[in-house]
Colleague: 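Handing you this structure, nothing more for now.
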Amino acid sequence: MKAKVGILLAIVVLVGVIASGCIGSQESSETETTGVELTGDFTKDILAIGRTLESNGVSEVKFSAWGSGDPNSVMRVYGIVEAARRINKVWEENEVNVKITITDIHYVASFQDAYQEYLSKQPLGQAGDFFVNSYAFLPTLADEGYILDITEYANAYQNVIDDFYPSLIEASKFNGKLYGLPQDTEARPLYIRKDVAAKIGFNLEGIEEKVKNGEFTWSDVYYWAKKAKESGVEWGLIHRKGSAHPDLIQFIYAFGGKLYNEESGKLVVDVPAVYKWLYVEWKFAQDGLLPKDIMSWDWAKQIHPAIVEGRTLFDIGGTWYWTEWQTKDYYGKEGTPRPLKPEEVQAWFTYTLFPAGEKGLKPVTLSQPFVWMINSKAGQQNPKYDELKDLYHKLAFLMVIKASDPDINAIHSVISAHLPVRKEAAELISNEKWLDDLKSLSIDLDPQVKSNIKDIVATTVHPINAKFLADVSYMLEYTKLAPAHPKYPALADIFKEAVDKVLRGDMTPEEGVNYIIQKVNADPELAQNVEVVGEIPKDWTLQ
């Protein structure tokens, strides 16, 4: 009898203990099986995540990758595909029965269009899990809660973070928090046609140093552009079209202006610098040296052919042009359009910093780092998302870490003529054996990635192109970044409208400045975030 009572008492006590949660409750059990802390050891972390997913019944993780840019920059999306393959390989080798599948690869030409699409579809749960775009859009996306704050994750991977150039990490932050990792960067040189220069007696010897020293300014650009026009060359200058960000705002910096007040945290319309910028655009267009409708020109049919066929002396372009000209059928002088050969690009073009606006000022260039960003809803299409969200987010972060491997970054750099964002990647680019292996595609890459870069690799991987990247790297010492301010894209659009109107002759430079100020003041949010400083200079001319 006493034994039976003892057994019953033990059962009652055990039931009470379980009910009170003293022995693992269901909630604490789930916490133990879904929580993974990142350690900074990539293999250890990825295995922990994989095994935890597997223990929760997940055998496949689906992600999508969205990116944008020029035709040669497809590693902005295929870097994610390659990262997935490398993680899958680790899992397979360690008998983790989980696989990452990239279900949607979305790559478009216009980074502004890509941004607008992401902006509209993210609230609906329809945007890409990974989004590669300009750092200029990062503040808005972070402010809206559309992208993931990866600060804590990155703290565990400080050894990787430290290999990025510091200025690029800073460009990936908003309000002191890290919201992405740099994917690439670039410089925006002034290209000069050597053959056209020779035709008009323009001696290019030492031109790079003259620009560096501020001896060769935009007055000199105008002088030689006019000489080219007078000699029968169609144009003196061609520049990029569309948004005035980021290319044309180099003029503001070149004329000693600024776009952002760090003390007030506000954007700036620097009236003297903006006026001089618009005056240069107006003067070149009025004198027939620059197409009045350049802002609506077609990239493939008008802008690039005019440059590669030698129908202009100067071009404001980007470093990525160098290899784009070698992969796209822009050159049509001989009949059927074809790409340029590396030897032709080297023979026909020299390149300098963007010259100072006037004597006494300094040359500049402009960089617009592209950044890997992670959707704040990353992984939402996968099983048990609400329960396993933290795991999916950490996995997405580790995919970006893996997509930032030095060799992936170096491949992107060489085939797209963007500058590497990691020091280890910069070292790879100068390695002749590595270049040879890339040229023959004798490297370990996902078959889908190889297939999509094969033709680009065949025409871009060349010692001439590697030398070009080495030659222009110094430009980053002169580089400026557009303000990382949520309202900057709206201000850039107003600049674009004003430039177009001034180029076409619909407005004078002074009217263009007033138009910008009126548009800013008409938008309550912009008016609160923009300072107008300075006055239009009296009797200023380009001389």
Side-chain angles (χ1 to χ4, degrees), residues 34-38 42 45-46 48-50 52-54 56-68 76-88 91 98-107 114-115 117-135 137-157 160 172-174 177-183 370-404 408:
T34 62
V36 170
E37 291 301 317
L38 298 182
F42 185 86
D45 290 345
I46 209 66
I49 288 174
T52 306
L53 287 170
E54 185 178 14
N56 280 274
V58 178
S59 60
E60 182 182 33
V61 179
K62 297 177 180 179
F63 284 120
S64 55
W66 285 19
S68 60
R76 287 175 178 162
V77 284
Y78 287 107
I80 292 293
V81 175
E82 176 59 22
R85 183 191 73 89
R86 294 183 183 192
I87 291 172
N88 286 338
W91 282 342
V98 183
K99 182 178 182 181
I100 300 169
T101 304
I102 307 302
T103 58
D104 176 28
I105 298 172
H106 186 52
Y107 189 77
Y115 166 68
E117 185 178 7
Y118 187 92
L119 206 58
S120 64
K121 291 190 175 181
Q122 202 279 349
L124 304 176
Q126 299 172 357
D129 295 299
F130 300 97
F131 184 53
V132 181
N133 211 311
S134 166
Y135 80 104
F137 299 132
L138 184 146
T140 300
L141 296 175
D143 205 30
E144 293 289 343
Y146 291 169
I147 54 177
L148 206 59
D149 175 357
I150 61 171
T151 309
E152 292 303 316
Y153 302 159
N155 286 341
Y157 280 81
V160 176
S172 306
K173 291 180 179 180
F174 175 65
K177 298 287 188 179
L178 189 66
Y179 283 89
L181 291 183
Q183 191 272 329
F370 265 50
V371 178
W372 301 109
M373 292 173 274
I374 301 171
N375 194 325
S376 56
K377 300 176 181 177
Q380 63 183 323
Q381 60 183 311
N382 291 294
K384 299 183 180 179
Y385 178 70
D386 290 338
E387 180 184 333
L388 303 176
K389 180 166 65 174
D390 184 61
L391 274 182
Y392 289 128
H393 287 181
K394 286 174 178 172
L395 175 58
F397 168 75
L398 292 179
M399 287 184 68
V400 169
I401 286 286
K402 185 51 59 177
S404 301
I408 295 178

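Note that these values count all heavy atoms, side chains included, but never hydrogens, waters or copies made by symmetry.
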Colleague: Between Ser172 and Leu138, which heavy-atom pair has the shortest distance, and what is it?
Modeller: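 For Ser172 versus Leu138, the nearest heavy atoms are O-CD1, 3.6 Å.
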Colleague: Is there a side-chain contact between Ile150 and Leu181 in this structure, where contact means two heavy atoms from C-beta onward sitting under 4.5 Å apart?
Modeller: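 Yes, at least one pair of side-chain atoms sits under 4.5 Å.
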Colleague: Quick one, Phe137 with Leu119, criterion side-chain contact (heavy atoms from CB on, under 4.5 Å). Give me CA distance, side-chain angles, the key distance, then yes/no.
Modeller: CA-CA 10 Å; Phe137 299 132; Leu119 206 58; over 6 Å; no
Colleague: Please work out whether the ring planes of Phe397 and Tyr157 are parallel, tilted or perpendicular, with thresholds of 30° and 60°.
Modeller: perpendicular
Colleague: Distance check, rounded to the nearest 0.5 Å: Tyr115 atom OH versus Ser68 atom OG?
Modeller: 12.5 Å
Colleague: Does Asp143 form a side-chain contact (heavy atoms from CB on, under 4.5 Å) with Tyr179? I'd like the steps, not just the answer.
Modeller: CA-CA 10 Å; Asp143 205 30; Tyr179 283 89; over 6 Å; no
Colleague: Can you find a pair of side-chain heavy atoms, one from Val77 and one from Val132, that are under 4.5 Å apart?
Modeller: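 Val77 vs Val132: side chains apart.
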Colleague: Between Lys173 and Leu178, is any pair of side-chain heavy atoms under 4.5 Å apart?
Modeller: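 With C-beta onward as the side chain, the pair touches.
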Colleague: Check whether any side-chain heavy atom of Lys377 sits under 4.5 Å from a side-chain heavy atom of Tyr385, and report yes or no.
Modeller: yes
Colleague: How long is the straight-line distance from CZ of Phe131 back to CG of Asn375, given to the nearest 0.5 Å?
Modeller: 10.0 Å
Colleague: Are any side-chain N or O atoms of Asn56 and backbone N or O atoms of Val58, one a donor and one an acceptor, separated by less than 3.5 Å?
Modeller: no
Colleague: Run the side-chain contact (heavy atoms from CB on, under 4.5 Å) test against Glu152 and tell me which residues pass, sequence neighbours left out.
Modeller: Asn155
Colleague: Within the structure provided, determine whether Trp66 and Asp104 are in side-chain contact (heavy-atom separation under 4.5 Å).
Modeller: yes
Colleague: Minimum heavy-atom separation for Gly128 to Tyr118, with atom names?
Modeller: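 Residues Gly128 and Tyr118, closest heavy atoms: O-CE1, 3.7 Å.
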Colleague: Does the side chain of Ile80 come within less than 4.5 Å of Ile105's, by heavy atoms?
Modeller: no
Colleague: Atom CZ of Arg86 and atom CE of Met399: how far apart are they, to the nearest 0.5 Å?
Modeller: 12.0 Å
Colleague: Rounded to the nearest 0.5 Å, how far apart are NE2 of His393 and CG of Asp129?
Modeller: 8.5 Å
Colleague: With sequence neighbours excluded, what pairs up with Asn382 under the side-chain contact (heavy atoms from CB on, under 4.5 Å) test?
Modeller: Val61, Lys62, Tyr392
Colleague: With rounding to the nearest 0.5 Å, note down the distance linking CD1 in Ile46 to CD1 in Ile87.
Modeller: 4.0 Å
Colleague: Do Phe370 and Asn133 make a side-chain contact, defined as non-hydrogen atoms from C-beta onward lying under 4.5 Å apart?
Modeller: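 They are in side-chain contact.
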Colleague: Keeping Lys99 on the side-chain end and Ala84 on the backbone end, is there a donor-acceptor pair under 3.5 Å?
Modeller: no
Colleague: Determine, step by step, whether Gln122 and Glu144 satisfy the side-chain contact (heavy atoms from CB on, under 4.5 Å) criterion, reporting the C-alpha distance in whole Å, the side-chain angles of both residues, the deciding distance to 0.1 Å, and the verdict.
Modeller: CA-CA 10 Å; Gln122 202 279 349; Glu144 293 289 343; over 6 Å; no
Colleague: Residues in side-chain contact (heavy atoms from CB on, under 4.5 Å) with Ala48, at least two apart?
Modeller: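 With neighbours one apart ignored, the set is Val36.
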Colleague: Looking at every heavy atom in both Ala396 and Ala378, which two are closest together, and how far apart are they?
Modeller: CB-CB, 4.3 Å
Colleague: Carefully, step by step, assess Phe130 and Ser64 under the rule side-chain contact (heavy atoms from CB on, under 4.5 Å).
Modeller: CA-CA 6 Å; Phe130 300 97; Ser64 55; over 6 Å; no
Colleague: To check you understand the geometry: which heavy-atom pair defines the closest contact between Glu60 and Pro383, and what is its length?
Modeller: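 Minimum heavy-atom separation between Glu60 and Pro383: O-CD, 4.3 Å.
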Colleague: Does NZ in Lys177 sit with more than 12 non-hydrogen atoms of other residues, nucleotides or ligands closer than 6.0 Å?
Modeller: no
Colleague: Could you state the interatomic distance from CG (Asp390) to CG (Leu395), rounded to the nearest 0.5 Å?
Modeller: 11.0 Å
